[in-house]
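For reference, positions follow the sequence shown, starting with 1.
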Amino acid sequence: MSKFHTIAQLLVASALLAAPTAIAAQQTETAPTPREWVDPLTHHRIVRISDEPGSSSLYFNYNGFTPQGDKLLISTPKGISAYDLKTRKLAPVVAIPQPFRLLFTGHKTRSVYYQTLGTAGDRSGAKTVFAVDIDTGRSRKITDVPNGDIQTINADETLLGGVLTDPGATAGVLQTFAKRDARFDQSDYRANWPDGRPMSYAESKEVRMNERLESAIPMSMFVVDTRTGQHRTIRRATDWLNHLQFSPTDPNVLMFCHEGPWHKVDRLWLMRVDQPDAAPVKLHTRTMNMEIAGHEWFSHDGKTIWYDLQTPRGEDFWVAGYDVASGRRTKYHLQRNEWSVHFNSSPDGTMFSGDGGDAEMVAHAPDGKYLYAFTPHGIPDVAGLKAPNAETLIHPGFFTSEKLVDMAKQDYRLEPNGVFTPDGKWLVYRANISGATQVYAVEIAKTR
């Protein structure tokens, strides 16, 4: 057993690190923000989307937009609301009188999905998953999830994907301790050094992740038929299974990760749910001590998987890409201050975004608290002469950046999780610059 914590707390961490969420909670603002302003440092226009403190947008790889690209779905203290991207009006979709987790919006239908939580707002115990028609507010129950979490939905909305921990391994601890701090959408990672000194937030999170990895708790991945509610197990392991993401275009392609401290795991994997007996494909193999790769996501066309790559950790920074069909690899370089907790890509693939990070995080960036827009640049062959094995090699490039939002007032325990709007003209994010979580959007074009 680790000298840092009890087995009870270790098992709590196994659940709380399972999937980032967007849980609405009532919060109080200390310095309310205006509805619209121009950032005096970056000269980009910012609008506040949400009306109530405690509102939140989704994690960076979860879809929050309707298939038609006209509305964005967010959580509020009262339920789920839709923001009209043209009229800039926010309207309630469904009131939810109990603690809940907003899951995602469908890729095919105008449906938003959520799951209920325990009465204390924790993620232990049974949950129920619902789909709600965004235009009518009509709700239908899909399934009960006795143990585990739903993390993704496939392209044609026929399958939900999730993970569960062996209930026998947790011995009821999750029901007692599995609570989140809604201010930061994170679990309580606090830990002490052997001499009793408290660890920093980043250090304690690393300790928690390592404890969870080393515990080798039996887990499984499962899918749920959205029409019948039937569950089907697709993979079992004592690896820490997490970060499930269906392809946005192929309903049978599923990406998942082996979670843990990133320098100890080959994290990124791909499989087909219609071929569960086939061996998963490993997308990135570490070749350097302390090399890390993670926070992966699909491009909007489903053709590329992008991820944060550091060679080694905290020293040299890249956004790397893996072509799903061919295995072709791309690496775009960026600077220390440009490193971000999460990166993302625009719908047309011509731009990337970053949500920055504070000096305590892995990059230890002295001036990294910004939202960024990145333009990728490939490095061409000299004189147009291509090497005979060029297609088997990594295709290098670099980012040039533009600062979109000064995030100096952000407490980065709440990760901003920037996502492009469907037209690529705005970046939606969440922030606690007012003392409470609200949802904002910044215009990519600079205000004249």
Side-chain angles (χ1 to χ4, degrees), residues 17-20 59-63 103-104 107-108 148-164 213 219-224 232-287 291-311 318-332 342-345 349 352 391-395:
L17 286 165
Y59 191 53
F60 83 110
N61 63 0
Y62 290 5
N63 177 49
L103 292 171
F104 30 67
H107 298 288
K108 182 180 179 181
D149 267 308
I150 297 298
Q151 295 190 357
T152 187
I153 190 168
N154 68 348
D156 61 9
E157 297 181 54
T158 57
L159 293 175
L160 300 171
V163 296
L164 61 85
L213 175 66
M219 294 190 72
S220 61
M221 300 194 310
F222 63 94
V223 292
V224 178
R232 173 167 59 92
T233 298
I234 57 173
R235 185 167 180 79
R236 299 181 188 275
T238 55
D239 298 303
W240 184 3
L241 305 172
N242 194 15
H243 224 246
L244 274 60
Q245 298 174 67
F246 271 113
S247 162
T249 53
D250 188 327
N252 288 307
V253 171
L254 178 68
M255 177 168 55
F256 66 97
C257 87
H258 288 173
E259 188 67 273
W262 291 2
H263 67 281
K264 294 182 64 173
V265 294
D266 284 328
R267 176 180 164 103
L268 285 69
W269 298 82
L270 199 65
M271 67 177 291
R272 294 191 64 89
V273 297
D274 56 349
Q275 301 172 12
D277 294 330
V281 175
K282 183 166 60 173
L283 304 183
H284 181 89
T285 300
R286 292 169 296 120
T287 59
E291 177 178 338
I292 64 173
H295 280 169
E296 57 279 0
W297 78 96
F298 275 102
S299 62
H300 288 254
D301 60 11
K303 295 180 179 180
T304 306
I305 292 169
W306 296 102
Y307 54 98
D308 173 9
L309 173 65
Q310 298 175 40
T311 56
W318 311 81
V319 169
Y322 173 88
D323 184 277
V324 174
S326 68
R328 182 179 185 267
R329 296 182 182 277
T330 304
K331 287 171 61 175
Y332 292 115
H342 302 106
F343 299 96
N344 221 322
S345 49
F352 290 79
E391 290 307 308
T392 66
L393 303 176
I394 294 170
H395 290 247

*Tell me, please, which residues at least two apart from Ser326 pass side-chain contact (heavy atoms from CB on, under 4.5 Å).*
Asp323, Arg328
*If every non-hydrogen atom of Ile150 is compared with every non-hydrogen atom of Phe222, which pair is closest and at what distance?*
CD1-CE1, 3.8 Å
*Report the distance from atom OG of Ser247 to atom CG of Asn252, rounding to the nearest 0.5 Å.*
9.5 Å
*When you look at His258 and Trp269, which way does the side-chain contact (heavy atoms from CB on, under 4.5 Å) test go after all the steps?*
CA-CA 8 Å; His258 288 173; Trp269 298 82; 3.2 Å; yes
*Heavy-atom distance under 4.5 Å between the side chains of Tyr62 and Leu103, does that happen here?*
no
*Starting from the C-alpha separation in whole Å, work towards a yes-or-no answer on side-chain contact (heavy atoms from CB on, under 4.5 Å) for Thr152 and Phe256.*
CA-CA 10 Å; Thr152 187; Phe256 66 97; over 6 Å; no
*According to the salt bridge (charged side-chain N to carboxylate O under 4.0 Å, His left out) rule, which pairs have a member within residues 232-257, sequence neighbours left out?*
Asp250-Arg272
*asked:* I'd like to check the side-chain contact (heavy atoms from CB on, under 4.5 Å) partners of Asn63; sequence neighbours left out, ordered by chain and number.
replied: Phe65, Thr105, His107
*asked:* Test your reading of the model: is there a side-chain donor-acceptor pair from Ser299 to the backbone of Thr304, 3.5 Å cut-off?
replied: yes
*Rounded to the nearest 0.5 Å, how far apart are CE of Met255 and CZ of Phe298?*
4.5 Å
_Within-4.5 Å side-chain heavy-atom neighbours: Trp262 and Asp308_ = yes
*Identify the heavy atoms of Pro248 and Ala155 that sit nearest to each other, and give their distance.*
O-CB, 3.4 Å
*Measure the CH2-CD1 distance between Trp297 and Ile305 for me, rounded to the nearest 0.5 Å.*
11.0 Å
*Less than 4.5 Å apart, any side-chain heavy atom of Trp318 and any of Thr330?*
no
*Applying side-chain contact (heavy atoms from CB on, under 4.5 Å), name anything that partners Asp266, two or more places apart in sequence or on another chain.*
Lys282, Thr285, Arg286
*If you look only at pairs with a residue in residues 291-305, which of them pass as a salt bridge (charged side-chain N to carboxylate O under 4.0 Å, His left out), with sequence neighbours excluded?*
Arg267-Glu296
*asked:* As an exercise, state the distance from NE2 of His300 to OG1 of Thr249, rounded to the nearest 0.5 Å.
replied: 11.5 Å
_Point-to-point distance, once rounded to the nearest 0.5 Å, from NE2 of His295 to CG of Leu268_ = 11.0 Å
*Can you tell me how far the NZ atom of Lys331 sits from the CD1 atom of Ile394, to the nearest 0.5 Å?*
4.5 Å
*Criterion side-chain contact (heavy atoms from CB on, under 4.5 Å) on Leu309 and Tyr332, from CA distance to verdict*: CA-CA 10 Å; Leu309 173 65; Tyr332 292 115; over 6 Å; no
*asked:* Which residue is it: Trp306, Phe352, Tyr307, Phe60? I am looking for the one with a ring pair (Phe, Tyr, Trp, His ring centres under 6.0 Å) to His342.
replied: Phe60
*Measure across Pro276 and Asp274 and return the closest heavy-atom pair with its distance rounded to 0.1 Å.*
CD-C, 3.4 Å
*Is Gln151 reaching over with its side chain to a backbone N or O of Leu244, donor-acceptor style, under 3.5 angstrom?*
yes
*Could you pull out all residues at least two apart from Lys108 that satisfy salt bridge (charged side-chain N to carboxylate O under 4.0 Å, His left out)?*
none
*With Val224, the side-chain contact (heavy atoms from CB on, under 4.5 Å) member among Leu160, Thr158, Leu159, Ile153*: Leu160
